[in-house]
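A short write-up of the structure that comes next.
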Amino acid sequence: MQYFLIKSEPSVYSWDTFLQEKQTFWSGVRNHQAKNNLKLMKKDDLLLFYHSNEGKEIVGVAKVLTEAYKDDTAAETDKIEWVGVDVVPVETLKKPITLAFIKADEILKEMLLVKQSRLSVTTVTKQEFERVLELANM
DNA sequence: GCCAACGTTGGC
DNA sequence: GCCAACGTTGGC
């Protein structure tokens, strides 16, 4: 089991929209590091869903439904084959975990979310993942 | 292949 | 709105 964190601007695709749609193809990633992380995903891996720009907090947990496959939203002229994964919502955090809170927590401040703030798909350790859930459900 | 210029992301 | 971080582009 692996854990990841995916970022989305609420104005583009919010957690609420995701809940309503019940499933989405996570695509549009145009960064190699992020793409590599997408390719690492296996069915049933868990994802933290983070709202960037507005909110700046982890709002929910999602699950990987399918491994990465071709992202058809990429331009034909693009020589690189970009990928996406199908994901479904698992649970909404009782208490969203804000970035400020993450930075103040001894364990969570080491997250790649903080260290590589521009990367839209980052890996999360088991310890970090469990820490987020623990704090969110207190 | 280097690097300056420029564009984008995202926190503040 | 500003700016730091970082990716991309293009001239040489």
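In this text, all values refer to a predicted model and were calculated from it rather than measured experimentally.
Put simply, chain A comes within 4.0 Å of DNA chain B, heavy atom to any atom, from B:dG7 to B:dC12, going 5' to 3'.
A:Leu119 comes within contact range of no nucleotide atom at all, as no heavy-atom separation falls under 4.0 Å.
Residues that satisfy the salt bridge (charged side-chain N to carboxylate O under 4.0 Å, His left out) test with A:Lys126, not counting sequence neighbours, are A:Glu130.
Listed by first and then second residue, the ring-ring contact (aromatic ring centres under 6.0 Å, His included) pairs that reach into residues 112-138 of chain A are A:Tyr3-A:Phe129, sequence neighbours excluded. Contacts classified as salt bridge (charged side-chain N to carboxylate O under 4.0 Å, His left out) and involving residues 51-66 of chain A (residues at least two apart or in different chains) are given here: A:Asp44-A:Lys63. Sorted by first and then second residue, the salt bridge (charged side-chain N to carboxylate O under 4.0 Å, His left out) pairs with a member in residues 3-20 of chain A form an empty list; sequence neighbours excluded.
Through direct or relayed side-chain contacts under 4.5 Å between Ile, Leu, Val, Met, Phe, Trp and Tyr, A:Leu119 connects to no other residue.
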